[in-house]
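First up is the structure itself, then whatever we jot down about it.
When a ligand or atom number is given, it counts from 1 through the structure's own listing order. Being a predicted model, the structure only gives us computed values, none of them experimental.
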Amino acid sequence: MARTCPFSLCDGSGILVDEDTRTSSYCRCRSQVVATARARGLSAVIPKKYANLSFDRAPVTTIRDSIVSYVRRYVRDVDAKIDAGEGLWLYGPVGTGKTSLAMLVSKAALDAGRTVAIYSLPRLLAEIRTTFDDGSEHSYTELLDRLTGVDLLHIDDVGAEKTSPWVLEQLYAMINARYEQERAVIITTNLERDQLAEQINERTVSRLEEMCEVLPVTGADLRRQTFGLVEEPDPVASPVTWDRA
Ligand SMILES: Nc1ncnc2c1ncn2[C@@H]1O[C@H](COP(=O)(O)OP(=O)(O)O)[C@@H](O)[C@H]1O
Ligand SMILES: [Mg+2]
């Protein structure tokens with residue numbers, strides 16, 4: 001069930017969006033939203049920066065149509081996609097809108113009452129690491145169960161940092177568990193497939209590849225853009241299969 005705001009102020013997300021001024025602020029119920037997510041031991045809230053995202057305004061309107069319409073279709077069929085365990089892999093240069101698009105998907109899943117865990121990969125790996133701090137293997141198993149159990153696991157910035165082989169092994173275990181249970185994953189990354197395999201292991205990447213549609217998010221760096229998008233020819237209009245040498 002989707003959460004409802006006890007004060008009837010927000011849509012249950014803990015964030016108030018003012019459509020007129022296009023700004024967002026925390027709702028009175030925000031602390032409860034965070035507490036609920038924490039109680040479940042997972043991060044399940046859209047970061048504030050991305051809370052007021054919409055397909056109808058920037059930055060999403062400045063992303064190439066062919067990419068946005070693909071994500072829009074995923075969002076429209078979000079229940080079916082999640083039930084089928086179909087994920088999305090958004091890759092491309094920095095600042096092209098990957099995280100924004102992925103957040104729209106997670107928001108749609110949350111709005112549909114599905115369970116979602118949202119992490120940057122560095123944070124997720126840190127979380128895995130800390131379960132071992134006190135030597136308690138039990139809490140690691142619990143974390144793994146929870147991460148495997150959510151309807152949608154959203155991992156942002158995959159490959160952003162190098163980490164130890166041991167931690168990467170735990171990441172593989174988690175992705176593999178979701179693979180076996182056919183549960184959807186959405187990832188964003190700046191890296192090409194083979195670079196990613198170097199960072200997080202070939203085995204993990206090849207699992208993800210099977211679980212996700214690979215969607216290149218190309219275009220100008222929206223963060224550096226002041227005068228609107230410089231139109232380039234539209235090179236890719238649909239998901240790709242990586243060229244395997
Ligand atoms: N809610 C928002 N409102 C307006 N601009 C945003 C919002 N969220 C992100 N942006 C801008 O959109 C651009 C792309 O951001 P992002 O999706 O984080 O890119 P990527 O993940 O590809 O690096 C950046 O310029 C960012 O500042
Ligand atoms: Mg990003």
Would you kindly say whether [X] and [Y] are connected by a side-chain donor-acceptor distance under 3.5 Å?
X: Arg129; Y: Thr163; value: yes
X: Thr115; Y: Asp151; value: yes
X: Asp156; Y: Thr188; value: yes

key: Which of the ligand 1 atoms, numbered from 1, are nearer than 4.0 Å to a heavy atom of Ser100   =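 Under 4.0 Å from Ser100, ligand 1 has these atoms: 8 (N), 9 (C), 15 (O), 16 (P), 17 (O).
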task = Under 4.0 Å from a heavy atom of Tyr50: give me the atoms of ligand 1 that qualify, with their elements.
result =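 This gives 8 (N), 9 (C), 18 (O) as the contact atoms.
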message = If the contact criterion is a heavy-atom separation under 4.0 Å, does Thr96 count as touching ligand 1?
response = yes
key: Closest to atom 6 (C) of ligand 1 among Ser54, Pro47, Pro59 (heavy-atom distance)   = Pro59
task = List for me each residue that meets salt bridge (Lys or Arg N to Asp or Glu O under 4.0 Å) alongside Asp83, sequence neighbours excluded, and say none if there are none.
result =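 Testing Asp83 for salt bridge (Lys or Arg N to Asp or Glu O under 4.0 Å), a comparison that skips the adjacent residues, returns Arg114.
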key: Expected output: side-chain Thr189 to main-chain Val158 donor-acceptor under 3.5 Å   = yes
query = So, does Lys98 use its side chain to make a donor-acceptor pair with the main chain of Val217 at under 3.5 Å?
reply = no
ask   = Is it true that some N/O/S atom of Thr99, main chain or side chain, lies under 2.8 Å from the Mg ion (ligand 2)?
value = yes
request  = Using distance alone, determine whether Gly95 and ligand 1 share an N or O pair under 3.5 Å.
outcome  = yes
ask   = Quick check: does Gly97 get an N/O under 3.5 Å from an N/O on ligand 1?
value =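 Among all N and O atoms of Gly97, at least one is under 3.5 Å from an N or O of ligand 1.
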Proximity of Asn52 to ligand 1 by residue part, where a heavy atom lies under 4.0 Å = side chain
